Amino acid sequence: MLTLEEARAAILAEVSPATARESVTLSQAHGRFVAQELRARVDNPAFDNSAMDGYALRAADLVVANFVLPRHGECRCGDAPGRLSPGTAMRIFTGAPMPEGADTIVIQEDVRLEGDKVVFPQTAQPGSHLRRRGEDFRRDDLLYPPGRRLSAFDLALLSTAGVADIPVCARARALVVATGDELVTPGTPLRAGQIYESNSLATQLLLRELGAEAVNGGTVRDDPAALRELLKSSTDFDFVITSGGASVGDHDLVKQVFAEIGEIKFWKVKIKPGKPIAFGRVGSRTHFFALPGNPVSSLVTFKLFVEPAVVAWHHGTSHMLQLSATASNDFRRHPGRTEFLRARLATEGGKLTATALRGQGSHMLGPIRETNGFIRVEADSAGFRQGESVVAIPLSADIP
Ligand code: AMP
Ligand code: MG
């Protein structure tokens with residue numbers, strides 16, 4: 001059985017990254033992965049300009065004129081750069097182009113107006129309150145390498161840099177399928193022995209959060225013929241993600257059918273929850289994940305295995321942030337597998353604490369309400385005591 005790290009490495013080694021790309025607008029590029037180096041089209045700032053509201057002048061003129069200069073002209077945002085008459089001060093506003101001949105801005109709070117004269121109470125440092133052309137970046141500077149996922153802030157930078165069409169990686173197409181004879185869609189009454197299906201929607205939404213296109217493949221019965229049909233029709237997807245039927249029961253057929261039609265790279269990983277996960281390929285395009293059916297196992301294995309695979313497919317790199325936290329309760333167990341406990345992370349005086357939540361059964365979704373991270377327990381560990389250091393994995397930045 002592979003360890004967590006071996007399984008993750010095996011997946012990354014096997015992923016065939018996207019070759020298709022498309023060009024999108026700035027607003028469409030949010031959350032997409034850059035397909036080709038993005039370089040600045042303009043200098044930023046595009047021209048020397050004022051960082052403050054005040055007066056533009058030549059610093060040397062101040063001393064010569066005994067700190068009083070006639071006010072002459074005005075320069076606003078959007079004006080073309082003017083020219084400073086020697087021995088005068090020009091009114092200027094934040095972002096307005098520096099007039100030719102001026103080398104300094106004196107902020108308006110530091111001056112006094114007397115009629116059409118400006119009185120300067122102190123000397124000015126040449127170059128003060130000036131934003132220099134290109135001091136932020138220059139035309140043709142590299143802004144983003146391929147594989148970078150674009151955030152709202154990134155799109156502000158690209159807008160500033162005049163990049164209007166963005167080459168991005170195609171979105172991965174992922175088919176999501178639940179398997180199990182007992183599963184019923186919420187909204188219909190349950191008959192005896194039935195349960196509501198809960199993995200498929202969460203999986204589709206997690207995929208969309210990663211920038212992939214998720215297709216709802218519905219629920220398939222525990223029937224080899226139906227599963228075969230499904231897998232055979234999945235070869236125009238980049239990913240197929242099933243849940244359920246990946247274990248060792250008589251009706252756990254997904255792995256068997258998958259082995260018939262595709263190639264299994266591994267089955268079972270030394271983790272808890274989520275041990276019976278299978279990964280492999282169908283045809284030359286499709287990456288196949290058979291996730292376990294228990295709702296918590298399905299969520300955990302998605303985060304551990306599907307997420308890095310989908311990001312890598314888009315040429316990106318994903319990081320599982322692992323922080324050290326202080327345990328706020330005891331947790332004891334038998335060593336054996338790397339375990340991910342649903343946990344509540346919090347901060348106390350700027351330091352991270354982690355509480356292992358009650359109800360760690362992989363069928364128990366109730367603790368999800370309080371879960372904002374995992375505690376990672378190493379395979380050889382027998383658990384931890386309150387006050388000890390543990391490894392915490394935040395699932396969001398929403399940590400009180
Ligand atoms: P399996 O992996 O098919 O052996 O299923 C393990 C457990 O998870 C069983 O209790 C199933 O009823 C349950 N289960 C499987 N798939 C789902 C699903 N999509 N939604 C909710 N529970 C599921
Ligand atoms: Mg099942």
Side-chain angles (χ1 to χ4, degrees), residues 1-2 4 7 174-209 212 214-231 234 237 239-262 264-280 288-307 310 337 339-342 359-369 371:
M1 209 186 309
L2 298 187
L4 171 68
L175 179 68
V176 177
V177 178
T179 73
D181 288 339
E182 73 282 28
L183 304 175
V184 174
T185 308
T188 41
L190 289 179
R191 289 207 309 268
Q194 295 185 323
I195 62 165
Y196 287 124
E197 195 284 307
S198 63
N199 292 337
S200 170
L201 177 62
T203 303
Q204 291 170 58
L205 296 175
L206 290 170
L207 284 163
R208 286 182 198 138
E209 283 176 12
V215 174
N216 182 4
T219 298
V220 174
R221 303 279 143 224
D222 292 318
D223 162 34
L227 287 167
R228 240 174 245 126
E229 205 51 43
L230 165 87
L231 280 187
S234 69
F237 286 91
F239 290 90
V240 174
I241 296 153
T242 64
S243 69
S247 194
V248 291
D250 293 351
H251 303 286
D252 289 335
L253 303 163
V254 175
K255 198 201 92 224
Q256 274 132 269
V257 173
F258 173 25
E260 263 173 44
I261 287 166
I264 294 193
K265 299 292 172 185
F266 66 75
W267 176 53
K268 286 192 176 173
V269 182
K270 257 173 78 177
I271 54 165
K272 186 179 176 189
K275 180 171 83 169
I277 174 188
F279 166 73
F288 189 103
F289 285 95
L291 305 186
N294 271 309
V296 177
S297 313
S298 145
L299 284 176
V300 169
T301 50
F302 185 95
K303 293 301 282 183
L304 295 178
F305 304 111
V306 181
E307 182 168 306
V310 170
R337 291 184 269 166
E339 185 161 1
F340 292 85
L341 302 172
R342 274 155 298 147
Q360 291 288 342
S362 56
H363 60 298
M364 296 168 101
L365 271 176
I368 281 293
R369 281 165 295 184
T371 301

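A quick note: this is a predicted structure, and the numbers were derived from the prediction, not measured. In each ligand, atom 1 is the first atom listed, and ligand 1 is the first ligand listed.
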Task: For atom 3 (O) of ligand 1, the option (of Ala246, Gly293, Ser362, Gly245) bearing the nearest heavy atom - done: Gly245
TODO: Examine distances only and state if a side-chain atom of Arg337 and a backbone atom of Lys270 form a donor-acceptor pair shorter than 3.5 Å.
DONE: no
TODO: Answer with side chain, backbone, both or neither: which part of Glu182 has a heavy atom less than 4.0 angstrom from an atom of ligand 1?
DONE: side chain
Task: Minimum heavy-atom distance between Phe305 and Val269, given as atom pair plus value - done: CZ-CG1, 4.0 Å
- [ ] Please state which part of Ile195 comes within less than 4.0 Å of ligand 1, counting heavy atoms only: side chain, backbone, both or neither.
- [x] side chain
- [ ] Please identify which atoms of ligand 1 are closer than 4.0 Å to at least one heavy atom of Asn199.
- [x] 16 (N), 17 (C), 18 (C), 19 (N), 20 (N)
- [ ] Heavy-atom contacts with Glu197 under 4.0 Å: which atoms of ligand 1 show up? List them by number with element.
- [x] 18 (C), 19 (N), 20 (N)
TODO: Please confirm whether Ser200 comes under 4.0 Å of ligand 1, counting heavy atoms of the residue only.
DONE: no
Open item on the list: Ignoring hydrogens, what is the shortest heavy-atom contact between Ala7 and Leu2? Give both atom names and the distance.
Closed with: CA-CD1, 3.8 Å
Open item on the list: As an exercise, identify every atom of ligand 1 less than 4.0 angstrom from a heavy atom of Ala178.
Closed with: 19 (N)
- [ ] Could you give me the CA-CA distance, side-chain angles and deciding distance for Leu231 and Phe288, then say whether side-chain contact (heavy atoms from CB on, under 4.5 Å) is met?
- [x] CA-CA 9 Å; Leu231 280 187; Phe288 189 103; 2.8 Å; yes
Open item on the list: I need the nearest protein heavy-atom contact for atom 7 (C) of ligand 1: residue, atom name and distance, please.
Closed with: Asn294 OD1, 3.4 Å
Open item on the list: To check your reading of the model: name the closest protein heavy atom to atom 4 (O) of ligand 1, its residue, and the distance in Å.
Closed with: Asp252 OD1, 3.5 Å
Open item on the list: Looking at ligand 1, is there an atom of it that comes within less than 4.0 Å of some heavy atom belonging to Ser198?
Closed with: yes
- [ ] Might you point out which heavy atoms bring Ala214 and Arg208 nearest each other, and give the distance in Å?
- [x] O-NH2, 3.1 Å
- [ ] Tell me, yes or no, whether the heavy-atom count around Glu229 atom CD, taken from other residues, nucleotides or ligands under 6.0 Å, exceeds 12.
- [x] no
Open item on the list: If you count heavy atoms of other groups shown closer than 6.0 angstrom to NZ of Lys272, is the number above 12?
Closed with: no
Open item on the list: List ligand 1 atoms under 4.0 Å from Ser243, heavy atoms only on the residue side.
Closed with: 19 (N)
Open item on the list: Would the distance check show the side chain of Ser200 and the main-chain N or O of Val177 forming a donor-acceptor pair, the cut-off being under 3.5 Å?
Closed with: no
Task: Nearest heavy atoms of Val300 and Pro273, plus distance in Å - done: CG2-CG, 3.9 Å
Open item on the list: Only heavy atoms of Gly244, strictly under 4.0 Å: list the atoms of ligand 1 that pass.
Closed with: 1 (P), 2 (O), 3 (O)
Open item on the list: Please determine whether any non-hydrogen atom of His363 lies less than 4.0 Å from an atom of ligand 1.
Closed with: no
